[in-house]
Amino acid sequence: MRPTVYVADIAQHEGREVTLHGWLHNRRSSGKLHFLQLRDGTGFLQCVVFKGNVTPEVFHEADHLPQETSLTVTGTVKKDPRSPIGYELDVKDLAAAARPAREFPLGHKEHGVAFLMEQRHLWLRSQRQQVILRVRHTVEKAIRDFFDGRGFTLVDAPIFTPSACEGTSTLFEVPYFDLGKAYLTQSGQLYMEAAAMALGKAYCFGPTFRAEKSKTRRHLTEFWMVEPEVAWMDLEGDMQLMEEFVSFVVQAALGKHGRELKEVLERDVSKLEKVQAPFPRITYTEAVEVIQKTGHPMKWGDDIGGDEETLVASAYDRPVMVHRYPAEMKAFYFKKDPDDPRVALGCDVLAPEGYGEIIGGGQREDDLAVLEAAIAHHRLPKEAFEWYLDLRRYGTVPHAGFGAGVERMVAWICGLHHVRETIPFARMMERITP
RNA sequence: UCCCCAGUAGCUCAGUCGGCAGAGCAGGUGACUGUUAAUCACCGGGUCGCAUGUUCGAGUCAUGCCUGGGGAGCCA
C-alpha cells in the first residue's frame with residue numbers, strides 16, 4: 001500500500017500524483033466525464049474520471065460502482081475554483097476494494113426519522129452526522145480541558161449503585177450476585193461530594209441512566225453527564241463556575257467547527273457568538289413574575305416546565321440562570337437559603353432557543369442534623385446514606401457543584417431538533433438497536 | 001402512565017364518494033466533456049402493519065392489537 005493521503009490534507013499535494021482510500025459517496029456522469037464523490041472520513045473529494053485519461057475498463061467501472069463501494073483512487077491533485085474545497089482529483093486509475101453485497105439503504109434524498117434510526121450504523125456516514133459527532137468530540141474535550149485547567153481531578157463514579165441518589169427518578173434494576181439488586185447510576189454527585197472532601201475540586205464524566213418513560217426530544221435513557229463538585233464553594237461561586245464553563249465549551253465548539261456548523265448544519269452561529277459570561281441571573285420568584293406577565297397561568301410553587309422554560313429563556317440572548325427554587329421541588333441534599341428557608345440554593349441554566357435546562361446544580365446541605373431531617377422528610381432509607389452523612393460528620397464544609405448534560409449542550413450548539421442525533425447510538429424508551 | 005398523529009414499492013409519499021395499485025427517488029439499460037440531491041429516454045419492482053367485522057366489492061368504513069413518531073409528567 002502506498003502511504004495514504006487524506007482529503008483534509010489535499011492542499012499540501014497540489015500538482016502531485018497521490019493515492020487515496022475511501023468510500024464512494026455519490027456518483028454523477030456526463031458522457032466522457034464521470035464525477036465520483038470520495039469520502040474518506042476526513043472530508044469529501046470530487047474525483048474526475050475523463051475517458052481519455054484511463055483505460056476503457058476503468059472508465060466503464062467508474063460509471064457502474066454502487067454507492068458505498070470501498071475503493072482506492074490514484075490521480076493528480078488539481079486546484080479548481082468550482083470545488084467546495086478548492087481541489088479535485090484528476091483520476092489516473094481506480095480500483096474497488098469491495099463492492100456492497102447489497103444496495104446501500106440510504107439514498108441522498110429524504111428519509112424518515114424511524115428509518116434513519118434503524119439504519120443508525122450507516123447513517124453515521126452522512127456528512128451531517130459526521131459533523132455532529134465531531135462537535136460532540138470537541139465538546140467532550142473542552143469539558144475535560146476546562147476542568148483540568150482549573151485544578152480539578154477527574155474521579156470516575158461507579159455505574160452500579162446500591163440505591164437512588166435522589167430517591168425520585170425511576171432506576172434501571174440489575175441483579176447483583178448475592179447482594180440482591182443493584183441500579184444503574186442516575187448521578188455521580190454524591191460520590192463527587194466525597195471526592196471533593198479529599199481533593200478539593202473533583203469531577204466525574206460518564207454515562208447516566210434514567211428509566212423514566214420520557215418520550216420527548218430532550219430525553220434519552222442513557223446519556224452523558226459531567227458533574228463537578230467543589231469544597232469551600234457557595235452558590236455564588238457555583239453559578240460563576242457554571243457560566244464560565246458554558247461559555248468555554250460553546251466558544252471551543254464554535255472556534256473549531258464554526259464553518260461546519262454554518263454550512264452543513266445551517267446553524268445561526270451569531271447566536272452562539274453571544275454566549276459569553278456573565279449570564280443573566282434571575283430568581284425563581286422573578287421567573288414566575290416574568291411568566292405571569294406573558295399571560296401564562298402559573299403561581300409560586302409550580303414547577304417551571306418546558307413551555308415555561310422557553311418563555312423565560314426567550315427573553316434573553318444568552319443562557320439564563322434561574323436560582324433559588326422552592327425547596328419542596330428540589331432534592332433532599334440542597335441547602336436552604338438562610339435568608340428565605342422556603343427556597344433552596346439551587347440553580348438551573350436554561351439554554352436559549354427553546355433547548356431548555358442544560359445544567360442543574362447548587363450548594364449542598366453541609367449541616368448533619370439538617371441533612372438527617374431532610375432524608376427523613378423525603379422518606380429515604382437512612383442506612384443507605386450513612387456514608388454520605390459521614391461527609392458531614394468529619395470536617396464538614398460548604399460545598400457546591402452541578403451536573404451538565406452533554407447531549408443537550410451538543411443539540412443546542414448544533415441547533416438540532418432532537419438529542420438522539422447527538423449520541424452515536426441513542427438509547428430510548430422505544431429503541432435499543434442498533 | 002396519559003394525550004395526539006402515522007403505518008401503501010428499498011426510501012419519501014399520493015390514492016377523491018367503497019369500484020383495475022400510483023408518482024418521485026433508489027436500482028437496471030442507454031445518451032451526454034463540468035456534474036454539485038445532475039439531466040433525459042426506456043425497464044423491473046406490492047403480504048396496502050396484523051386480525052376480525054360490515055359490504056356484491058375494503059388501501060379506503062368499524063373494532064381490537066402491534067410498531068413507530070410527537071408531546072405531557074419527570075429530568076440533564
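The sequence lines fix the lettering, A, B, ..., with proteins before strands; numbering per chain opens at 1.
Here A:H64 lies in heavy-atom contact (under 4.0 Å) with sugar-phosphate atoms only. Residue A:T208 is out of contact with every strand shown, counting any heavy-atom pair closer than 4.0 Å. When heavy atoms are screened at a 4.0 angstrom cut-off, A:R102 is found touching no nucleic acid atom at all. In this structure, A:H219 reaches the bases: a heavy-atom distance under 4.0 Å links it to at least one base atom across the strands shown.
Distance noted for atom C1' between B:rU54 and B:rA14: 27 Å (whole Å). Taking the C1' atom of each, B:rG10 and B:rC66 are spaced 22 Å apart, rounded to whole Å. Nucleotides B:rU33 and B:rC25 have their P atoms positioned 22 Å apart, rounded to a whole Å. Rounded to a whole angstrom, the distance from the P atom of B:rA23 to that of B:rU36 is 25 Å. Comparing B:rA72 with B:rU35, their C1' atoms are spaced 49 Å from each other, to the whole Å. For the P atom pair drawn from B:rG57 and B:rC11, the interatomic distance equals 32 Å after rounding to whole Å. B:rG22 and B:rC40 are spaced 23 Å apart, taking the P atom of each and rounding to whole Å. B:rC20 sits 14 Å from B:rG15 when the C1' atoms are compared, rounded to a whole Å.
For the atom pair A:E365 CD and A:E193 CD, the distance stands at 10.5 Å (nearest 0.5 Å).
Of the charged side-chain nitrogens involved, none lies within less than 4.0 Å of a carboxylate oxygen, so that A:R128 and A:E260 do not count as a salt-bridged pair.
Distances were taken from every side-chain heavy atom of A:R217 (C-beta onward) to each of B:rG69, B:rC75, B:rG70; the shortest belongs to B:rG70. Side-chain proximity of A:R408 to B:rG34, B:rC75, B:rG69: nearest is B:rC75. With B:rA76, B:rU1, B:rC75 as the candidates, the nucleotide lying closest to the side chain of A:E309 is B:rC75.
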For residues 401-417 of chain A, please give each side-chain donor-acceptor pair under 3.5 Å, one per line with the distance, not counting sequence neighbours.
| unit_1 | atom_1 | unit_2 | atom_2 | d |
| --- | --- | --- | --- | --- |
| A:E407 | OE1 | A:W224 | N | 3.0 |
| A:E407 | OE2 | A:R136 | NH1 | 3.0 |
| A:E407 | OE2 | A:R136 | NH2 | 3.2 |
| A:E407 | OE2 | A:W224 | N | 3.2 |
| A:R408 | NE | A:R218 | O | 3.2 |
| A:R408 | NH1 | A:E357 | O | 2.9 |
| A:R408 | NH2 | A:R218 | O | 3.2 |

Name the atoms and distances for all side-chain donor-acceptor pairs under 3.5 Å in residues 146-157 of chain A, with sequence neighbours left out.
| unit_1 | atom_1 | unit_2 | atom_2 | d |
| --- | --- | --- | --- | --- |
| A:D148 | OD1 | A:Y203 | OH | 2.6 |
| A:R150 | NH1 | A:E244 | OE1 | 2.9 |
| A:R150 | NH2 | A:E244 | OE1 | 2.8 |

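Side-chain nitrogen and oxygen atoms of A:R420 include at least one within less than 4.0 Å of the OP1 or OP2 phosphate oxygen of B:rG70. Between A:H418 and B:rG69 there is no side-chain N or O to OP1 or OP2 distance below 4.0 Å.
Look at CD on A:E421: it is 14 Å from C1' on B:rG69, rounded to the nearest Å. The nearest whole Å value for the distance from the CE atom in A:M429 to the P atom in B:rU1 is 7 Å. At whole-Å resolution of the value, CG in A:D80 and C1' in B:rU33 are 13 Å apart. Residue A:K213 contributes atom NZ, which lies 12 Å from atom C1' of B:rC2 at whole-angstrom precision.
The two residues A:P424 and A:R120 come nearest to each other via the heavy atoms O-NE, 2.7 Å. Considering every non-hydrogen atom in both A:L171 and A:L184, the closest pair reads CD2-O, 4.0 Å. Looking at every heavy atom in both residues, A:G362 comes nearest to A:D238 through N-OD2, 3.2 Å. Summarising the geometry of A:T69 relative to A:A96, their closest heavy-atom pair is CG2-CB, 3.7 Å, with the distance given to 0.1 Å.
Applying the 5.5 angstrom centroid cut-off and the 30 degree plane-angle cut-off, the aromatic ring of A:F35 is not stacked upon the base of B:rG34.
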Taking N or O atoms only and anything under 3.5 Å, show me the protein contacts with nucleotides 9-11 of chain B, one pair per line.
| unit_1 | atom_1 | unit_2 | atom_2 | d |
| --- | --- | --- | --- | --- |
| B:rC11 | O2' | A:E110 | O | 3.2 |
| B:rC11 | O2' | A:H111 | ND1 | 2.4 |

All N/O pairs under 3.5 Å across the protein-nucleotides 43-47 of chain B interface:
none

Atom pairs, N/O to N/O, protein against nucleotides 64-68 of chain B, distance under 3.5 Å?
| unit_1 | atom_1 | unit_2 | atom_2 | d |
| --- | --- | --- | --- | --- |
| B:rG68 | OP1 | A:E430 | O | 2.9 |
| B:rG68 | OP2 | A:E430 | OE1 | 3.1 |

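Within 3.5 Å, a donor on the side chain of A:S214 pairs with an acceptor on the base of B:rC74, or the reverse. The base of B:rC32 is paired with the side chain of A:S29 by a donor and an acceptor separated by under 3.5 Å.
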For A:E229 and A:R364: C-alpha separation, side-chain torsions, deciding distance, then whether salt bridge (charged side-chain N to carboxylate O under 4.0 Å, His left out) applies.
CA-CA 10 Å; A:E229 194 72 29; A:R364 321 306 185 188; 2.9 Å; yes
Check the pair A:V91 / A:T76 against side chain to side chain contact (heavy atoms under 4.5 Å, CB included), numbers first and verdict last.
CA-CA 7 Å; A:V91 176; A:T76 307; over 6 Å; no
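For RNA chain B, runs of at least 3 consecutive pairs of the Watson-Crick or G-U wobble type, with both hydrogen-bonding distances under 3.5 angstrom, map to B:1-7 with B:66-72, B:10-13 with B:22-25, B:27-31 with B:39-43, B:49-53 with B:61-65.
RNA chain B is contacted by A:E357, A:I358, A:I359, A:G360 of residues 354-362 of chain A, taking any non-hydrogen atom closer than 4.0 Å. For residues 46-63 of chain A, proximity to RNA chain B is found at A:Q46, A:F50, defined as any non-hydrogen atom under 4.0 angstrom from a strand atom.
Applying the salt bridge (Lys or Arg N to Asp or Glu O under 4.0 Å) test to A:R16 and every residue at least two apart in sequence or in another chain returns nothing. The side-chain hydrogen bond (donor to acceptor under 3.5 Å, both in side chains) search around A:E236 returns A:R281, not counting sequence neighbours. By the side-chain contact (heavy atoms from CB on, under 4.5 Å) test, A:A426 pairs with A:M117, A:L220, A:R420, A:I423, A:M428, sequence neighbours left out. Contacts of A:E103 classified as side-chain contact (heavy atoms from CB on, under 4.5 Å), with partners at least two apart in sequence or in another chain: none.
Atom CZ of A:F425 has more than 12 heavy atoms from other residues, nucleotides or ligands within 6.0 Å. Heavy atoms from other residues, nucleotides or ligands lying under 6.0 Å from CG of A:L124 number more than 12. Dense packing is recorded around OH of A:Y87, with more than 12 heavy atoms of other residues, nucleotides or ligands lying under 6.0 Å away. Counting non-hydrogen atoms of other residues, nucleotides and ligands closer than 6.0 Å to NZ of A:K330 gives a total above 12.
Relative ring orientation between A:H64 and A:H60 is described as parallel, the plane-to-plane angle staying below 30° on a 0-90° scale split at 30° and 60°.
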